[in-house]
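One structure below.
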Amino acid sequence: MSQPASPLDRERAHLASSRAALRAMREDAQALDIRDVTANWVNAEVLQRQIDERIKALADLSHTPLFFGRLDYLHAPGVDLAEGAEGEQFYIGRRHVHDAEGDPMVIDWRAPVSQPFYRASKKDPMDVALRRRFGYTGGELTAYEDENLTDPAEAEQTSKLLQQEIERPRVGPMRDIVATIQPEQDEIVRSGLAGSVCVQGGPGTGKTAVGLHRVAYLLYAHRERLARTGTLVIGPNKSFLHYIEQVLPALGELEVKQATVDDLVGGPVEVRGADEAATALVKGDARMAEVLRRALRSHITPPAEGIVVVRGSRRWRVASYELEEIVGELMARDMRYGAAREALPQRIAHAVLVQMERAGEAPDDRVQNAVARNAAVKAAVKEIWPPVEPAKLVLRLLSDADFLAEHAEGVLTEDEQKTLLWAKPARSVKTAKWSAADAVLIDEAADLVERTHSLGHVVLDEAQDLSPMQYRAVGRRATTGSVTVLGDLAQGTTPWATQSWDEALSHLGKPEAVVEELTAGFRVPTDVITYASRLLPYIAPGLTPVASVRENPGAFEVRQAPGGAADVVAACAQALRNEGSIGLIAADARCAGLAAALEEAGLAFLAPGEETTAEARLTLVPASLAKGLEYDYVVLDEPAAVVDGEPDERTGLRRLYVALTRAVSGLLVLHGAPLPAELGTFA
């Protein structure tokens, strides 16, 4: 007589059945023949693309659990409790899976019925009797853990499987946190599309993951709308974007675009130059928007005389005062420069049609369009409202002191104007050595001429480092959509780093956005975040320190390194004995010397953004690129050099705060020079 299957065996059987059902769903998609539903080649191309995307989304990733939880409801969801409907059981996973009859085998984590998995508690069970979490090893289901939410005899306790998943070593790109989302995170993830949200979160609070999961949720809840309007994730640099690029595909979302701010604005010109900090500070100031607006409008010239339109044997005259009224009305409406220029010939033509009607004629729209295309009208429009190229406008502002002074009067000081002017003016747009800040100015000017295309939703990560003009550049990509702003004021390391989220949201054009603060840390061990938080009074007074949920005794050490690079290499070799990824973070100026020492010692290492492998788990990270990245173990070289590598002490201390908080499992700080006084004495 066979023994009855254990609960774990039954769960494994459901996993096997679910994987088989997912394969069947994918095979059904692959078997679709578009010739059966359309004869139009254009429609066929669109449909084939949709089918291909569906096939990709249904891929079964062997090392990614198909489901990670189970909910046993007391009653059927959506049914009146008075009817006494018997409860149902749902498996919660990264995507929906159904059997041949269409019955669900796995429920998408974003579905309303899945929400109690993240929010149910003893105080509010949300009609859930049991919540089960699953543990996996290499894709194989190996454990489960139950919470009886309605059993008064069972005390509420921290899930060991949840803790293990949070603390699992990081190797490779950032992974999703769909199995470990916390209630306060879930509230942000499931906030509506219409509202914008700003998430202030210290290191390890999961703000980046929350932002990415919010995109995935919004695509689930508003797929058709966002398919039309588009979604975009903006990160600080290419390394960061490479690090996070696998999160959304793992959740079945393949169409979300990623970019840096430089990518957004860099189209019209090639960035080949760099600004001094003082110059970049002025160029990034929001007042530059008014200077650009004035400079653009200065091209509008009041008509010197009227115009005469000849049609057949008749001559129609529009007096100069009428033209002035038309131009004045268009300027008063504060339209885009280009849109107003396109409207001007039609307005002039309308004035001619009024005269025609008074003379007894009956002109129609075709006549008005013909008048608008008349050579005399075209010539007048070109003289009154000439076309303006945004790059040429910015070129003139940065090259012509008189032109800049005229339009910056009362906006920028004389010293600020001098800071903006090029020492050696460029001859043309193509030969100019444009900086990244110049590209933002050109983008602003381009929007003054023609409206920038708006997306349905934009996620802006590491937002604290943007200048006001960069915020404006991002904001005009979401004028008709919403945004998720992610950042930490304590990690602002640019000269123009924002000092308050209210100010940043105003520049972004979203002053109504709700600011949420995440203070529970799930990544950085307690000892590490406590040590790093010694810097907060100096870099971000008033911010709440992160309270880590990770107790990891022995994970933190500060050690003197009189041997310099040799001691650093030895520390890296020691760290590599641990499982997971290793990050060696150092001041940018010290990286070349450390790279040579690592090569001489035969230790293979990667650059930020390169994927770790079994053969290469050590990454050499310049401090300037460390933001947003994480490693299981971090060796931090010479904190004083990190601080000294920045233009001022406050920025240097913020850079150090970032470097100190990249570790997931352990941090070793090595120093030959004295530690910055703000860190105090380590005991």
Salt bridge or not between [X] and [Y]? Use side-chain N to carboxylate O under 4.0 Å.
{"X": "Glu516", "Y": "Lys207", "result": "no"}
{"X": "Arg119", "Y": "Glu184", "result": "no"}
{"X": "Asp632", "Y": "Arg617", "result": "no"}
{"X": "Asp28", "Y": "Arg26", "result": "no"}
{"X": "Glu147", "Y": "Arg131", "result": "yes"}

Polar side chain donor-acceptor pair, [X] to [Y], under 3.5 angstrom:
{"X": "Arg214", "Y": "Ser191", "answer": "yes"}
{"X": "Asp263", "Y": "Thr260", "answer": "yes"}
{"X": "His457", "Y": "Thr231", "answer": "no"}
{"X": "Ser6", "Y": "Asp9", "answer": "yes"}
{"X": "His14", "Y": "Glu11", "answer": "no"}
{"X": "Glu630", "Y": "Tyr243", "answer": "yes"}

What heavy-atom pair brings [X] and [Y] nearest, and what distance separates the two atoms?
{"X": "Pro77", "Y": "Val113", "result": "CG-CG2, 3.7 Å"}
{"X": "Leu149", "Y": "Val128", "result": "CB-O, 3.6 Å"}
{"X": "Leu636", "Y": "Leu667", "result": "CB-CD1, 4.2 Å"}
{"X": "Asp488", "Y": "Gln464", "result": "N-OE1, 2.9 Å"}
{"X": "Met105", "Y": "Tyr91", "result": "O-CB, 3.5 Å"}
{"X": "Asp108", "Y": "Ser114", "result": "O-OG, 2.8 Å"}

Keeping the roles fixed (side chain from [X], backbone from [Y]), state whether a donor-acceptor pair exists under 3.5 Å.
{"X": "Ser482", "Y": "Leu193", "answer": "yes"}
{"X": "Arg10", "Y": "Ala5", "answer": "yes"}
{"X": "Ser454", "Y": "Thr479", "answer": "yes"}
{"X": "Lys510", "Y": "Ala478", "answer": "yes"}
{"X": "Arg523", "Y": "Val664", "answer": "no"}
{"X": "His242", "Y": "Lys238", "answer": "no"}
{"X": "Asp151", "Y": "Asn148", "answer": "no"}
{"X": "Ser533", "Y": "Pro545", "answer": "no"}
{"X": "Thr498", "Y": "Ser500", "answer": "yes"}
{"X": "Lys627", "Y": "Gln491", "answer": "yes"}

Report yes if some heavy atom in the side chain of [X] is under 4.5 Å from a heavy atom in the side chain of [Y]; otherwise report no.
{"X": "Leu535", "Y": "Leu660", "answer": "yes"}
{"X": "Val458", "Y": "Val474", "answer": "yes"}
{"X": "Arg70", "Y": "Gln89", "answer": "yes"}
{"X": "Trp501", "Y": "Gln200", "answer": "yes"}
{"X": "Thr480", "Y": "Thr229", "answer": "no"}
{"X": "Ile529", "Y": "Thr661", "answer": "yes"}
{"X": "Thr205", "Y": "Phe522", "answer": "no"}
{"X": "Leu466", "Y": "Leu460", "answer": "yes"}

Distance under 6.0 Å and angle within 45° of ring axis: Arg132 vs Tyr144: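 Judged by the rule (NZ or CZ under 6.0 Å from the ring centre, within 45° of its axis), Arg132 counts as positioned above Tyr144.
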
Lys NZ or Arg CZ of Arg133 over Phe117 ring: under 6.0 Å, within 45°: yes

Plane angle bin for His96 and His98 - parallel if under 30°, tilted between 30 and 60°, otherwise perpendicular: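 Aromatic pair His98/His96 classed tilted.
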
For the atom pair [atom1] ([X]) and [atom2] ([Y]), what is the distance rounded to the nearest 0.5 Å?
{"X": "Leu489", "Y": "Arg654", "atom1": "CG", "atom2": "CZ", "answer": "7.5 Å"}
{"X": "Tyr633", "Y": "Ile582", "atom1": "OH", "atom2": "CD1", "answer": "7.5 Å"}
{"X": "Leu8", "Y": "Leu15", "atom1": "CG", "atom2": "CG", "answer": "10.5 Å"}
{"X": "Leu254", "Y": "Leu248", "atom1": "CG", "atom2": "CG", "answer": "9.0 Å"}
{"X": "Tyr136", "Y": "Leu141", "atom1": "OH", "atom2": "CG", "answer": "4.0 Å"}
{"X": "Leu518", "Y": "Leu486", "atom1": "CG", "atom2": "CG", "answer": "9.5 Å"}

Over 12 foreign heavy atoms within 6.0 Å of CD, Glu512: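 Yes, because the 6.0 Å sphere around CD of Glu512 holds more than 12 heavy atoms from other groups.
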
More than 12 heavy atoms of other groups within 6.0 Å of Arg223 CZ: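 Count over threshold, so yes.
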
side-chain contact (heavy atoms from CB on, under 4.5 Å) between Leu629 and Tyr631, worked out: CA-CA 7 Å; Leu629 305 179; Tyr631 301 92; 3.6 Å; yes

Chi angles and distances behind the side-chain contact (heavy atoms from CB on, under 4.5 Å) call for Ile234, Asp461: CA-CA 6 Å; Ile234 301 174; Asp461 206 350; over 6 Å; no

Check against side-chain contact (heavy atoms from CB on, under 4.5 Å), Val635 and Ile585: CA-CA 6 Å; Val635 176; Ile585 302 178; over 6 Å; no

Evaluation steps, side-chain contact (heavy atoms from CB on, under 4.5 Å), between Phe240 and Thr208: CA-CA 11 Å; Phe240 177 84; Thr208 295; 3.9 Å; yes

